[in-house]
There are 2 protein chains.
Amino acid sequence: MVNSIKPISSKSMAEQVEQHLREYFTRESFKPGDALPTELELAASLGVSRNVVREALSRFKMLGIIETKKKTGMVISNPDIVGTLEKVLAPEIMDESTLQDLFELRLVLEMGIADLLYIRKTPEDLDELEEIAAREVKGSNFRINTEIAFHGKLYEMTGNETLKRFQTLLLPVFGYVVKLENKKYIAGKVTHQGLVKLLRKGTPKDFKEGMLSHLQPHFDRLNPPKKRG
Amino acid sequence: MVNSIKPISSKSMAEQVEQHLREYFTRESFKPGDALPTELELAASLGVSRNVVREALSRFKMLGIIETKKKTGMVISNPDIVGTLEKVLAPEIMDESTLQDLFELRLVLEMGIADLLYIRKTPEDLDELEEIAAREVKGSNFRINTEIAFHGKLYEMTGNETLKRFQTLLLPVFGYVVKLENKKYIAGKVTHQGLVKLLRKGTPKDFKEGMLSHLQPHFDRLNPPKKRG
DNA sequence: TTAGTAGTTATGTTCTACATAATAAATGTA
DNA sequence: TACATTTATTATGTAGAACATAACTACTAA
């Protein structure tokens with residue numbers, strides 16, 4: 001191969017500008033609230049049209065990394081990571097292996113929140129959780145809804161807002177995979193009410209065991225080691 | 001209040017177009033590979049300039065939801081969710097509560113991967129992991145590096161590429177928080193070598209206990225229930 | 001039949017112009 | 001002097017035209 005031939009960046013100007021700006025932000029260690037140069041200044045510095053700069057800036061605006069006010073100009077701000085994630089998590093257009101990964105990721109979260117739960121749970125939380133679990137026994141029409149309510153409350157109890165929002169995002173994916181594989185919502189041996197009891201009177205270890213038992217049907221479906229594509 | 005006065009969308013045209021397009025995609029149930037209308041057609045349909053449409057499209061291109069080739073036009077494609085996440089995960093500009101949340105999220109992941117590990121682990125994996133753990137005892141200069149290598153291998157062993165990449169993204173956040181709170185990298189009672197042994201000969205339950213013990217110093221630092229901001 | 005050429009089309013990029021909102025400066029009046 | 005009002009000024013927001021460029025299509029000529 002000829003070495004002097006460059007792979008032709010092929011990247012659009014907007015993409016390159018995005019990259020340059022990102023480097024610029026970290027290099028100058030911009031913090032939320034810091035003002036940016038004007039669009040025209042950026043365009044001049046980068047040697048591209050204002051239009052291209054705006055396309056790149058538009059991306060940062062979507063991520064919440066940049067906010068703008070007319071005349072005042074642009075400032076760096078705190079991005080909303082879960083909100084951003086929401087914009088890409090569209091099960092219909094995601095490839096199957098990623099969907100499967102996310103399905104497993106949710107199982108990992110479910111199994112992993114135990115210790116956090118024991119640190120953060122309050123008596124009021126437990127009462128509410130118990131009520132949710134009790135409700136489902138009566139009007140047991142929509143198993144999925146009660147699932148969502150119960151597990152959602154669990155995440156809420158962790159006091160971790162990001163985690164809570166994250167799991168909410170994963171719900172559609174979870175449902176999508178379950179439907180895709182034609183799985184039934186098979187209940188594990190330990191019910192929601194059982195979990196509440198464990199959470200109230202048992203140790204973290206007990207609860208972990210209970211949760212595993214509750215999710216066992218899902219784990220049973222997972223693929224063995226074989227190096228996956 | 002006067003009702004006929006609209007709240008003035010205040011959203012930029014680009015943002016509105018982004019939203020419209022997103023709805024359009026799902027409504028028409030676009031799938032990867034499906035071709036989109038041309039920029040000019042979109043602009044005409046939406047009643048905005050091509051410029052605005054391009055700013056919105058640029059956002060989708062960043063997310064990997066849209067790919068383009070000249071002349072051929074634009075097609076829907078599989079977004080790369082971890083790659084997208086990477087673009088917003090900049091510890092320096094994230095607010096502290098989110099950083100704390102992500103710190104906890106990583107702990108949740110560490111505690112939650114046990115069952116997945118036992119499903120997917122292979123003898124070769126265990127050998128490699130043991131080697132990593134052994135290496136650190138000798139040249140124990142960079143504790144952080146060995147931490148990364150060991151735990152990184154654990155995620156790799158889950159066979160879940162998304163999970164693995166996700167945790168890699170969380171590493172800088174983890175390190176940032178540790179530094180921020182002036183924590184030391186205090187080692188838990190169970191060492192890496194201890195974890196390997198458990199993983200080899202113990203039950204999932206044993207391993208979970210071991211991992212908790214390994215991470216205990218971090219858990220000890222977590223805040224009590226108090227409703228956080 | 002096939003190699004090559006010209007034409008067509010959709011994206012990529014630039015430039016100009018003007019609208020709009022928010023700030024700063026200037027002005028006028030009590 | 002103090003304060004209210006008006007008038008620039010400036011940076012972002014939007015529109016439109018123009019041309020470059022790559023890739024596909026169809027036609028032409030040997």
Side-chain angles (χ1 to χ4, degrees), chain A residues 5-22 24-25 28 30 32-79, chain B residues 5-22 24-25 28 30 32-79:
Chain A
I5 296 182
K6 52 197 167 198
I8 302 175
S9 62
S10 93
K11 282 183 211 164
S12 70
M13 284 284 143
E15 198 171 333
Q16 292 180 51
V17 169
E18 182 203 329
Q19 208 173 310
H20 270 87
L21 286 179
R22 186 164 272 119
Y24 170 63
F25 295 159
E28 305 285 324
F30 274 96
D34 290 353
L36 296 180
T38 70
E39 293 177 350
L40 279 172
E41 286 169 339
L42 290 174
S45 297
L46 295 163
V48 295
S49 77
R50 187 179 158 221
N51 226 317
V52 167
V53 171
R54 278 188 62 83
E55 284 187 23
L57 290 174
S58 182
R59 299 178 173 199
F60 287 107
K61 288 171 194 170
M62 178 181 62
L63 302 180
I65 290 180
I66 287 181
E67 280 178 357
T68 64
K69 269 190 294 185
K70 281 193 180 178
K71 160 73 179 181
T72 314
M74 301 178 285
V75 296
I76 299 289
S77 78
N78 315 102
Chain B
I5 296 181
K6 52 199 167 196
I8 302 174
S9 60
S10 94
K11 281 181 211 162
S12 71
M13 282 286 152
E15 199 171 333
Q16 292 180 52
V17 169
E18 182 203 331
Q19 207 172 310
H20 270 87
L21 286 178
R22 187 164 272 121
Y24 171 63
F25 294 160
E28 306 284 324
F30 275 95
D34 290 353
L36 296 180
T38 70
E39 293 178 351
L40 280 173
E41 285 169 338
L42 290 174
S45 298
L46 295 163
V48 296
S49 76
R50 185 178 162 224
N51 228 318
V52 168
V53 171
R54 278 187 62 83
E55 284 186 22
L57 290 173
S58 182
R59 299 179 173 198
F60 287 107
K61 289 172 195 169
M62 178 181 62
L63 301 179
I65 290 179
I66 288 181
E67 280 179 356
T68 64
K69 269 190 293 186
K70 281 193 180 178
K71 158 77 177 177
T72 315
M74 301 178 285
V75 297
I76 299 288
S77 79
N78 315 103

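Below, chain A is the first sequence line, B the second, and so on; all start at residue 1.
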Between [atom2] of [N] and [atom1] of [X], the distance in whole Å:
| X | N | atom1 | atom2 | value |
| --- | --- | --- | --- | --- |
| A:Leu40 | D:dA11 | CG | C1' | 8 Å |
| B:Leu46 | D:dG16 | CG | P | 14 Å |
| A:Lys11 | C:dT13 | NZ | P | 13 Å |
| B:Lys69 | C:dT9 | NZ | P | 19 Å |
| B:Leu57 | C:dA10 | CG | C1' | 12 Å |
| B:Lys71 | C:dT9 | NZ | C1' | 4 Å |
| A:Met13 | C:dT11 | CE | C1' | 14 Å |
| B:Met74 | D:dA23 | CE | P | 17 Å |

- Task: State the CZ-CG distance between A:Arg50 and A:Leu42, to the nearest 0.5 angstrom.
- Result: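 That separation rounds to 11.0 Å.
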- Output yes when B:Glu18 and B:Arg22 qualify as a salt bridge under the 4.0 Å nitrogen-oxygen rule, no when they do not. yes
Any side-chain N or O of [X] less than 4.0 Å from the OP1 or OP2 oxygen of [N]?
| X | N | result |
| --- | --- | --- |
| A:Ser49 | C:dT14 | yes |
| A:Lys61 | D:dG13 | yes |
| B:Thr72 | D:dA22 | no |
| A:Ser12 | C:dT11 | no |
| A:Arg50 | C:dT14 | no |

- Considering heavy-atom distances to DNA chain C, does A:Gly47 or A:Lys70 have its closest nucleotide positioned more toward the 5' end?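 Going by which nucleotide is closer to the 5' end, it is A:Gly47.
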- Message: For the backbone of A:Lys11 and the side chain of A:Gln16, can you confirm whether one donor and one acceptor N or O come within less than 3.5 Å of each other?
- Response: yes
- Keeping the roles fixed (side chain from B:Ser45, backbone from B:Glu41), state whether a donor-acceptor pair exists under 3.5 Å. yes
- Could you tell me whether the side chain of B:Lys61 reaches within less than 4.5 Å of the side chain of A:Glu15, counting heavy atoms only? no
- Decide yes or no, distance alone: a donor-acceptor N/O pair under 3.5 angstrom between the base of C:dG12 and the side-chain of A:Asn51. no
- Query: Among C:dT14, C:dG12, D:dT12, which is the nearest nucleotide to the side chain of B:Arg54?
  - Reply: C:dG12
- Task: Please determine, for the side chain of A:Val52, which listed nucleotide (C:dT14, D:dG13, C:dT11) has the closest atom?
- Result: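 That would be C:dT14.
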